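Written below as C-alpha cells is the structure these notes are about.
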Amino acid sequence: MTAAVPRQKDLLQIRGMTADDIVAILDAAGRWTGASGAADTLTGRTVVNLFLEPSTRTRVSFEIAAGRLGAMVVNIAATSSSIVKGESLVDTARTLDAMRPDAIVVRHPSAGAPAIVARHTKASVVNAGDGAHEHPTQALLDALTIRGRFGRLDGLRVAIVGDIVHSRVARSNAQLLTTMGSDVVFCGPRSLMPEAMVSIVEGGPGRLTPASSIEEAVDGADVVMMLRVQHERQQAAFVPSLGEYKSRFRLDAARLERAKPEAIVMHPGPVNRGVEMTPEVADGPQSVILEQVANGVAVRMAVLEMLIGGN
Ligand code: ASP
C-alpha cells in the first residue's frame, strides 16, 4: 500500500517548487484551457478574495475560476473592509478563519502578508501578489502560455525588461523559468535593477544574467516579457524621465526584430500604453497578452482544485 501524499496547504511562492510540482499544475491547468463550461469539483467550498491592493484581472480571474468550479466566492476589497478601521492583518485572518472558508486568496502591498494570513487560518492561502515579493499564479499562467506556444519550458531564452526591482512578476517568473531550464536575461534602468539579481532566485539549471541594453536582452530571445513601470512602488528619484525610459526601454517593432522570428511578446498587465511597448507591438501578431489572461483562469482553476478540491 502506498502512503497518502500529504496535501499542500498553501501556494505562497514559486521559490521552493520543483520542476515536477510546476509541471503537475500546468498539466492540470491544461485541462481547463479554453474551457468556459462549469464543473462541480468545488461545490460547497467557500473562497474568500482578500484584495488589499488594486487589481482587476487577478481578482476577476480567481473569481471566475472558483465560480466555474462551483465554489461560493466572497470578495473583500481594501476600501470596504475593517482594514480601513485599523484592524490588523492577523485579526482579519483570525476573523475570516472563524467563518471557516476553504481558501483565502490574498493580494497585499507588503511582501510576506499571505504567509502571515496562512499562519493564522486553517484555510488554504493563495498568494495573489505580495508587494515586490512573488506572484506565483502569474508565473504559472505565463509558463502555461509559453509552453502552449513552444511545447516546452527548457532551453528557451526569455528577456524580462523593465522595472525589475519592484516586480513580483519578474521574481516569480525568473524562479520558475530557471527551475525549468530556460535562461532569463534581465534588463531595465540601473535604478530599477536589484543589485544582486541572482540572489532573488534559488537557481536551477537555467542561467540568470543581466543585460545592459534592451537590444542585448532581446537579441535572439524566444520570449520578450515587458513589465509595467510600477509608479505606486517608486520614490520619484528612482525613475528616469518617461521620455528617457521610452527611448531606452520601450519595445517597438525595430527592437522586436532582434528576437527570434517566432518570438512572443508578453505583459502581465495592466499595460501603460505607449510606455512599455508601442501599440503596434502590444496589439501585433506576436503579442500573447490576451492569451495570458485566458490562461490565468485555467491556472487558477487548477490551483484551487489542487488545494481545496476532493475530500
Ligand atoms: N498585475 C501584475 C501584478 O499585480 C503586474 C503589475 O501590476 O504590474 O504584479
Side-chain angles (χ1 to χ4, degrees), residues 14 132 135 138-194 196-198 200-201 203-230 240 244-269 271-272 274-278 280-289 291-292 295:
I14 298 293
H135 194 349
Q138 176 73 45
L140 289 162
L141 74 88
D142 289 338
L144 188 64
T145 309
I146 296 170
R147 195 177 76 164
R149 282 299 173 110
F150 295 99
R152 64 184 205 279
L153 286 170
D154 62 327
L156 299 170
R157 177 179 162 95
V158 182
I160 302 184
V161 181
D163 181 356
I164 306 290
V165 76
H166 296 109
S167 180
R168 52 198 176 207
V169 175
R171 274 169 182 66
S172 291
N173 264 296
Q175 182 67 57
L176 187 152
L177 291 163
T178 54
T179 298
M180 297 309 298
S182 281
D183 291 338
V184 174
V185 187
F186 276 109
C187 167
R190 277 189 82 87
S191 56
L192 298 180
M193 300 262 275
M197 273 182 297
V198 178
I200 69 177
V201 301
R207 281 176 310 152
L208 181 67
T209 47
S212 50
S213 68
I214 184 169
E215 285 79 10
E216 185 189 325
V218 170
D219 218 18
D222 298 284
V223 177
V224 184
M225 189 180 287
M226 304 303 293
L227 302 173
R228 184 174 65 90
V229 178
Q230 303 200 23
E244 192 190 337
Y245 186 90
K246 288 194 225 172
S247 78
R248 294 191 50 210
F249 300 104
R250 182 171 60 181
L251 186 66
D252 57 21
R255 284 173 168 158
L256 183 56
E257 269 188 18
R258 293 172 167 267
K260 297 221 178 99
E262 66 279 16
I264 57 171
V265 175
M266 308 180 80
H267 193 299
V271 178
N272 290 312
V275 177
E276 294 106 21
M277 56 177 84
T278 57
E280 59 180 343
V281 170
D283 303 324
Q286 287 166 277
S287 167
V288 295
I289 295 173
E291 214 172 300
Q292 291 173 265
N295 283 335

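All figures in this text were calculated on a predicted structure; none of them were measured in a lab. Only this structure's heavy atoms are used, side chains among them; waters, hydrogens and symmetry mates stay out.
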I'd like to know if the side chain of [X] reaches the main chain of [Y], judged simply by a donor and an acceptor atom lying under 3.5 Å from each other, with no hydrogens or angles considered.
| X | Y | answer |
| --- | --- | --- |
| Thr178 | Gly206 | no |
| Gln286 | Ala263 | yes |
| Arg255 | Arg250 | yes |
| Arg248 | Ile214 | no |
| Ser287 | Gly284 | no |

* When you look at Arg149 and Val288, which way does the side chain to side chain contact (heavy atoms under 4.5 Å, CB included) test go after all the steps? -> CA-CA 10 Å; Arg149 282 299 173 110; Val288 295; 3.6 Å; yes
* Name all residues meeting the side chain to side chain donor-acceptor pair (under 3.5 Å) criterion together with Lys246; count only those two or more places apart in sequence or in a different chain, and write none if there are none. => none
Do you know which two heavy atoms are closest between [X] and [Y], and how far apart they sit?
| X | Y | answer |
| --- | --- | --- |
| Thr278 | Ala253 | OG1-N, 4.4 Å |
| Glu216 | Ala211 | OE2-CA, 3.6 Å |
| Asp163 | Tyr245 | N-OH, 4.1 Å |
| Ile160 | Ala170 | CG2-CB, 4.2 Å |
| Val161 | Phe249 | CG1-O, 4.0 Å |

* Give the C-alpha distance, both sets of side-chain angles, the deciding distance and a yes or no for side chain to side chain contact (heavy atoms under 4.5 Å, CB included) between Leu256 and Val265. => CA-CA 9 Å; Leu256 183 56; Val265 175; 3.7 Å; yes
* Do Met266 and Glu291 come within less than 4.5 Å of each other through their side chains, counting heavy atoms only? -> no
* Asked: Within a strict 4.5 Å, meaning less than it, do heavy atoms of the Val169 and Asp142 side chains meet?
  -> yes
* Is the shortest side-chain N to carboxylate O distance from Arg157 to Asp222 below 4.0 Å? -> no
* Any ion pair linking Arg258 and Glu215 (charged N to carboxylate O, less than 4.0 Å)? -> no
In Å, rounded to the nearest 0.5 Å, how long is the span from [atom1] of [X] to [atom2] of [Y]?
| X | Y | atom1 | atom2 | result |
| --- | --- | --- | --- | --- |
| Cys187 | Ile164 | SG | CD1 | 7.5 Å |
| Arg171 | Ile14 | CZ | CD1 | 14.0 Å |
| Ile289 | Met277 | CD1 | CE | 4.5 Å |
| Ser182 | Arg152 | OG | CZ | 7.0 Å |
| Ile146 | Asn173 | CD1 | CG | 6.5 Å |
| Met226 | Glu276 | CE | CD | 7.0 Å |

* Asked: Can Asn295 and Thr145 be counted as having a side-chain donor-acceptor contact under 3.5 angstrom?
  -> yes
* **side chain to side chain contact (heavy atoms under 4.5 Å, CB included) between Val224 and Ile264, worked out** => CA-CA 6 Å; Val224 184; Ile264 57 171; over 6 Å; no
* **Set of side chain to side chain contact (heavy atoms under 4.5 Å, CB included) partners for Asp183, sequence neighbours left out** => Arg207
